[in-house]
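Chain identifiers are assigned alphabetically (A, B, ...) following the order of the sequence lines, protein sequences preceding nucleic acid strands; residue numbering begins at 1 within each chain.
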There are 2 protein chains.
Amino acid sequence: MNTPLSALSPTGTPLYQQVKQALLSALAAGEWKQGEAIPPEKPLAERFGVSIGTLRKAIDDLTAENILVRHQGRGTFVAKHEHNQHFFRFFRIVRQDGEKSYPTTELLRFRRISAGEEAREKLLLAPGSKVFEITNRLSLHGSPVLIDTLTLPEALFSGMTEKLVRERPSTLYRFYQDSFGINVIGTAENARATLADEDHADLLGVPAGTALLELRRVAYSYNQQPVEWRISRVNTEQYEYMGQEHNRS
Amino acid sequence: MNTPLSALSPTGTPLYQQVKQALLSALAAGEWKQGEAIPPEKPLAERFGVSIGTLRKAIDDLTAENILVRHQGRGTFVAKHEHNQHFFRFFRIVRQDGEKSYPTTELLRFRRISAGEEAREKLLLAPGSKVFEITNRLSLHGSPVLIDTLTLPEALFSGMTEKLVRERPSTLYRFYQDSFGINVIGTAENARATLADEDHADLLGVPAGTALLELRRVAYSYNQQPVEWRISRVNTEQYEYMGQEHNRS
DNA sequence: TTACATTTGTTCGTATGTATA
DNA sequence: TTATACATACGAACAAATGTA
């Protein structure tokens, strides 16, 4: 039996937040692993010396933060951050009728170069820093729809090779996580319209001068660390970029 | 005294969600205006015939959605969506160096027409419904940058005239609020790339065939009620669309 | 299929603490 | 100081979902 929390931290912070911290500590200590169930509410409440309601409020917070997942009748589980769904959270190109599908990727080019000025600015790199530049073609429903040009700091992705990229068994962001320990947790994205140059027109199978949507994205890891700078050029004849909905109720 | 909710809707959806909907209905009916306090928890709980805890859970949801704001010791207030900051929350065009500025607007056209198919779909209107169609030109730093085509259901904006639009002293969304009691609390936005037609080229002062960013937006009020359907065509030679940042922590 | 035990979900009412006017 | 209002905490009861015997 553990010491009641309130005895350790008499006042100041609410009890349910102390419980939340205690749960986070237990998680960090590896007491329960990803995908595993944590103990039922009643035993946990007893362990921490609080009422069920207080324990539930702590768990409410943790589920809101996607750290725990509750399933009525089954239990409360440690969230897994490895679902494909999660990795596709940042892919926002859909058909104009709204139908979503998963893209297939072709690696077109892999280079190790000195970072250009814009890449250095976006990735907070010093002049002369080396980066990997990767060009991919993504297709939806069998037709090429967008060309991605990725820039990755060599410092963060040391050991990266074309072979690794080509043979990765999963999505790119999953690959970052599994092979380099880099978790993409957010992106900042801007959009412009451009005309397709010869190269892009060829790659997308459209005439030069076609209007393309140009998305410029920085992907961030913890602590706002930029880890990827990406320019996507999208043929929006049949597809469109689905913006995040703002504050709907 | 109102009828208890549970009597109207015996089972199925949880009580606290019924309370939440009832609160949203009261808000939509204008029972409390933005910035005003709603009644204290206890009277509200009695009015809906539920316990304080259930009422609080409903309000928890609404505060999480930024529809209500709680202040300990003062009360619970209808969130204000009337700060300039907020109104410009939905204006996301910035100069490519990142500098933001406020646009100036010119009214180019005002019409009352039958809603087209796409507008009907987006605004959930019956065939034959009348709408107001308003075309604006927005300029930044003195140069025209985008053409907005707005479609508004006549049913929601009855009494709308060109004169009112032209002489409104405030932003458009503020105008909706003050003159028609319509609160825009969210938007869903998609993006495509198009080529400028003759009209848009003239209005924006660019050659026909220039690539334009086309933003298609539905604005929502409470209960996902669509209130405005808008197509913006943006000259992104010097400006760009600043997407919402996704989930950074 | 049925019955049952387990676990989370919802709702209740009460008491006490804390912030505000 | 006092009254009001939201915040926290408690525990009990029943509902709903799940898995298993």
Taking the side chain as every heavy atom from C-beta outward, state whether A/L15 and A/Q18 have any atom pair closer than 4.5 Å.
-> yes
Phosphate-side-chain proximity, A/T76 and C/dT8, N/O vs OP1/OP2 below 4.0 Å = yes
Near DNA chain D, under 4.0 Å by heavy atom, which residues of residues 51-60 of chain B?
-> B/R56
Provide, to the nearest angstrom, the distance between the CG atom belonging to A/L15 and the P atom belonging to C/dT18.
-> 13 Å
Between CG of A/L68 and P of C/dT7 the distance, given in whole Å, is 17 Å
Is it true that A/R216 and A/E121 make a salt bridge, defined as a side-chain N closer than 4.0 Å to a carboxylate O?
-> no
Take the protein atom OH of B/Y16 and the nucleotide atom C1' of D/dA16, then report the distance between them rounded to whole Å.
-> 13 Å
Can you establish whether the number of heavy atoms outside A/E36 located under 6.0 Å from its atom CD is more than 12?
-> yes
When the distance from NZ of A/K20 to C1' of D/dA9 is rounded to whole Å, what number comes out?
-> 17 Å
Taking the side chain of A/R70 as heavy atoms from C-beta outward, which of C/dG9, D/dA9, C/dA21 is closest to it?
-> C/dG9
In whole Å, what is the span from the CD atom of A/E41 to the P atom of D/dG11?
-> 15 Å
Pick the nucleotide of DNA chain D nearest each of B/G75 and A/P14; which residue has the one closer to the 5' end?
-> B/G75
Can you tell which of C/dT8, D/dT18, C/dT10 lies closest to the side chain of A/R74?
-> D/dT18
If you draw a 6.0 Å radius around CD in A/E99, do more than 12 non-hydrogen atoms from other residues or ligands fall strictly inside?
-> yes
Whole angstrom value for the distance that separates P of D/dT4 from CD1 of B/I38 = 19 Å
Would you call the rings of B/H141 and B/Y239 parallel, tilted or perpendicular, where under 30° means parallel and over 60° means perpendicular?
-> parallel
In whole angstrom, give the distance that lies between atom NZ of A/K42 and atom C1' of C/dA5.
-> 13 Å
Would a 4.5 Å heavy-atom cut-off, applied to side chains only, mark A/L215 and A/R92 as touching?
-> no
Do B/D148 and B/L172 have side-chain heavy atoms sitting under 4.5 Å apart?
-> no
Is a donor-acceptor contact shorter than 3.5 angstrom present between the side chain of B/Q72 and the base of C/dT18?
-> yes
